[in-house]
There are 2 protein chains.
Amino acid sequence: MIEQKLSESQQDYLKIVLNLINEKKVARIKEIATRKDVSMPSATEAMRRLFNEGYIQYSAREFIELTTTGEKVAHWLSSKHSFLKHFFSDVLNINEELADREACAIEHHLSNSTLERMILLYQFLNECEKNDSRTINLFKECLKAAEGGAPSSVACRNCFIARNFPHNPGAKTQHTLLANLSRGQDGQIVMLGPDSEIRLSLIDKGLLPGSLFHVEETGDADSPFVIQTNGCLIELDEEAAKMIEVAIEQPK
Amino acid sequence: MIEQKLSESQQDYLKIVLNLINEKKVARIKEIATRKDVSMPSATEAMRRLFNEGYIQYSAREFIELTTTGEKVAHWLSSKHSFLKHFFSDVLNINEELADREACAIEHHLSNSTLERMILLYQFLNECEKNDSRTINLFKECLKAAEGGAPSSVACRNCFIARNFPHNPGAKTQHTLLANLSRGQDGQIVMLGPDSEIRLSLIDKGLLPGSLFHVEETGDADSPFVIQTNGCLIELDEEAAKMIEVAIEQPK
DNA sequence: TTGCATAATTAGGCAAGCCTAATTAACTTA
DNA sequence: TAAGTTAATTAGGCTTGCCTAATTATGCAA
C-alpha cells in the first residue's frame, strides 16, 4: 500500500538496497548496478531519485542507508516477493529459480486484496485441517501426471476419460468432448486433457478453460476441426479435439 | 510466446483493436484512445508502431485491420486475459470488475509455463473427479469465513484453534503460536489466523506465510512483541501474536 | 607520497509513451 | 455546396529509465 508512489524500477532498487544491507552490511553502487543488471550511472541516478523521495539516505560517494519509510516499504516488498515465490514453488511446484523470476514479474502488479486471497488459498491448500494436506498432495500428483507420460498419469487420464464417456455414471451430462460436437454448436472449454504436448499446443493457440467458441466445421481423421473463438478461426486435428472437454448449452 | 516483441502498452492496444473489431466491426482511433484512456495522438502513434511491426493494416485515416500475425497474437493475449480473470473470479472468488483489472495487471508478466500450472490448478480445483468440487467449495467456505465474522467463520476459527493448542491430538508438534515463543527463538510463519482485520494488518506489515523471523522481545498485554524479519524490527500486540501460527526448529 | 586501480559521478544521448495545441481531412446537414 | 462539427494527424515537448564516454574521487601499495 505504501509503495504506490514508486515505479517498478524504483521498487526493485529499493529491494536490492535492503538485501545488500542485510547481506553485506553496506550497499554500494557497483553491487546495486550488478544486481539490477544496469550500468553504474543508472544506479547512481536511481539512488538520487530514491533519496529525493525520502526512501534512502544518500549523498555522493557516501554510505547508502534506508530511511524508516524506505525500510518499511522495502521490507514489505521483499515479503510480498517471497510469499509469491513460496506460492509458485509450494503450490504450483515451480522450481526455485523460475518461481523467483515469476514472483519478480508479477509482484508489482497485484493488489493487496488479491494477495490476501492468494495467501488464503496457500494456507488452505497447505495447512487447512479439513484438507490435512490431502488436497495439495493430490494436486501435486496431478501435476506430475500432467508433466509427462509418467506412470502415474494413468490416474489423470482415467479421470479425464471417466468424465467423457457416456457410460460413466458420474459424467456430468452437459459436458462432452469438443470432438463430439456438430457444426453450429456453441460451447465453452472446461478442461484440457492429460496429454502434455497437446495441452501446450492448445495453450499456445489460446484455447484455455473458459474460452467460448462456435463450431464452424467438424473434422475427422483427414480434415481438421475448425472453431471460432474471439473472432478468430482455429484449426484442430482430431486428436486435439478429443483432448478438450467442453460445456454446451443443450445436450446434443 | 509470439508476443514477446511487443511492449506491454502495445499488447494492450492490440487487444483493444481485436475487441473493437469483434464488437463494432471497425476500430477507430477515437475509441481506441478512449478505451486505453490516452489522447488520440498517442493512439495514432501506437497504431503506426503496430503497423511498422506488422501486426495491423493501417494508413492514415483508413480502416484499421489486424494482419494474420496480429490476429493470432491478439487472440492469444485475450485468451490469456480471460483465463486469468476466470481464475481470479472462480478460484479466488474475486468480483468480476477487480478480477478483470488484476488479470490486466499480471497478464503481461506470466510465463507460459506458469500459466500452464495455473490452468492445471484451476482444472484440478474445479473439475478433478477425485475432488468432485468438494475442495473448491470448502475453500470458498473458508474465504467467506475469512472475510468477516460470518457465522461460518467458526469452522475456520476452530480449525486454527485446534491446531494450536497442545491438547489437540492432531496438532503438529513443531507448530505453535508466535505468542508462545521466547526471546531469541527463530521461526517461520505458517499461517495467519482467522480474524480478518488482524490478518490484513499483518499482511500490511509484511508478515506473510513463509516469512522467517527472530524473536527480539516477548510481550504481554501491556508491552508489544518485537520480532525481526528481513533486517527490520516489527512490533506486534498480544492479540496479533496469537493469530500467527509458526514453525520452529526445536520444540520449545 | 606518488601513482594506479577501482568506484562513483557528470555530461550528453536515446527510445518509449505519454501530453497539449494547432492543423488538416472527412462527414453532415441545411 | 458551404459551413460547421468531429476525427485524425502533425508538431513539439516532457518524464522515466536506460546507455556510453569522460571525468573525478578514493584507497591501497610500493
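Only this structure's heavy atoms are used, side chains among them; waters, hydrogens and symmetry mates stay out. A note on names: the letters A, B, ... follow the listed sequences, proteins ahead of strands, and every chain is numbered from 1.
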Student: Just by distance, with hydrogens left out, do A/Gln188 and A/Ser211 show a side-chain donor and acceptor under 3.5 Å apart?
Tutor: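 A/Ser211 and A/Gln188 do not have a side-chain donor-acceptor pair below 3.5 Å.
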Student: Cut-off 3.5 Å, side chains only: do A/His214 and A/Gln228 have a donor facing an acceptor?
Tutor: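 Per modelled atom types, A/His214 and A/Gln228 side chains form no pair under 3.5 Å.
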Student: Tell me: CZ of B/Arg48 to P of D/dA11, nearest whole Å?
Tutor: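 After rounding, the gap between these two atoms is 10 Å.
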Student: What is the nucleic acid contact for B/Thr44, judged by heavy atoms within less than 4.0 Å: base, sugar-phosphate only, or nothing?
Tutor: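 Result for B/Thr44 = base.
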Student: Are any of B/Ser42's side-chain N or O atoms less than 4.0 Å away from OP1 or OP2 of C/dC19?
Tutor: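 So the side chain of B/Ser42 is within the cut-off, an N or O lying under 4.0 Å from OP1 or OP2 of C/dC19.
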Student: B/Val246 versus B/Val190: any side-chain heavy-atom pair under 4.5 Å?
Tutor: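 Not in contact.
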Student: Among D/dT10, C/dG17, D/dC19, which is the nearest nucleotide to the side chain of B/Pro41?
Tutor: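 Selected nucleotide (nearest to the side chain): D/dT10.
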Student: Have A/Ser42 and A/Lys36 got a donor and an acceptor in their side chains that come within less than 3.5 Å?
Tutor: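 Short answer, no.
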Student: Not counting sequence neighbours, which residues clear salt bridge (charged side-chain N to carboxylate O under 4.0 Å, His left out) with A/Glu45? List them please.
Tutor: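 Only A/Arg49 meet the salt bridge (charged side-chain N to carboxylate O under 4.0 Å, His left out) criterion with A/Glu45.
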Student: Assess whether a salt bridge exists between B/Glu216 and B/Arg183, defined as any Lys/Arg side-chain N lying under 4.0 Å from an Asp/Glu carboxylate O.
Tutor: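 No salt bridge links B/Glu216 with B/Arg183.
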Student: Tell me which residues in residues 12-30 of chain A put a heavy atom below 4.0 Å from DNA chain D, sorted by number, or none.
Tutor: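 Heavy-atom cutoff 4.0 Å gives A/Tyr13.
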Student: To the side chain of A/Met40, which of D/dA8, C/dT10, C/dA7 is closest?
Tutor: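 Output: C/dA7.
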Student: One thing to verify: whether B/Glu23 and B/Arg35 come together as a salt bridge, which I'm taking to mean a side-chain N less than 4.0 angstrom from a carboxylate O.
Tutor: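 Yes, charged N to carboxylate O under 4.0 Å.
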Student: Rounding to a whole Å, what distance do you find between B/Leu6:CG and C/dA15:C1'?
Tutor: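 That distance rounds to 16 Å.
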Student: If you look at every strand shown and take non-hydrogen atoms under 4.0 Å, does A/Ser39 touch a base, only sugar-phosphate, or nothing?
Tutor: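 It contacts base atoms.
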Student: Is there a side-chain contact between A/Met243 and A/Pro194 (heavy atoms, below 4.5 Å)?
Tutor: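 Counting from C-beta outward, A/Met243 and A/Pro194 do come under 4.5 Å.
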Student: Check B/Leu178, B/Asn230, B/Leu207, B/Ile234 against B/Phe213 for a side-chain contact (heavy atoms from CB on, under 4.5 Å) and give me the one that passes.
Tutor: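 Filter result, single survivor: B/Leu178.
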Student: Can you tell me how far C1' of D/dT16 sits from CD of B/Glu8, to the nearest Å?
Tutor: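 Rounded to the whole Å, the gap is 14 Å.
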Student: How long is the line joining NZ of B/Lys36 and P of C/dA16, in whole Å?
Tutor: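 Those two atoms, NZ and P, are 14 Å apart.
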Student: Closest approach to the side chain of B/Ser7, judged atom by atom: which nucleotide of D/dC18, C/dG17, C/dC19 is it?
Tutor: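 It is C/dG17.
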Student: Quick check for you: among D/dA8, D/dG17, C/dC18, whose closest atom lies nearest to any side-chain atom of A/Ser9?
Tutor: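 It is D/dG17.
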Student: Could you tell me the separation between the CG atom of A/Leu50 and the P atom of D/dT16, rounded to a whole number of Å?
Tutor: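 Taking CG of A/Leu50 and P of D/dT16, I get 12 Å after rounding.
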Student: Please work out whether the ring planes of A/Tyr122 and A/Phe87 are parallel, tilted or perpendicular, with thresholds of 30° and 60°.
Tutor: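 If you compare the ring of A/Tyr122 with that of A/Phe87, the planes turn out tilted.
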Student: Mind running a 4.0 Å heavy-atom check of residues 57-65 of chain B against DNA chain C and sending the residues that fall below it, in number order?
Tutor: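 Residues of residues 57-65 of chain B under 4.0 Å from DNA chain C: B/Arg61.
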Student: Check the distance between D/dT15's P and A/Arg49's CZ and give it to me in whole angstrom.
Tutor: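 Checked: the CZ to P distance equals 13 Å.
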Student: B/Glu45 has an atom CD; how far is it from atom P of D/dG13, in whole Å?
Tutor: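 The answer, rounded to whole Å, is 15 Å.
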Student: In whole Å, what is the span from the CD1 atom of B/Ile32 to the C1' atom of C/dG17?
Tutor: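 That distance rounds to 16 Å.
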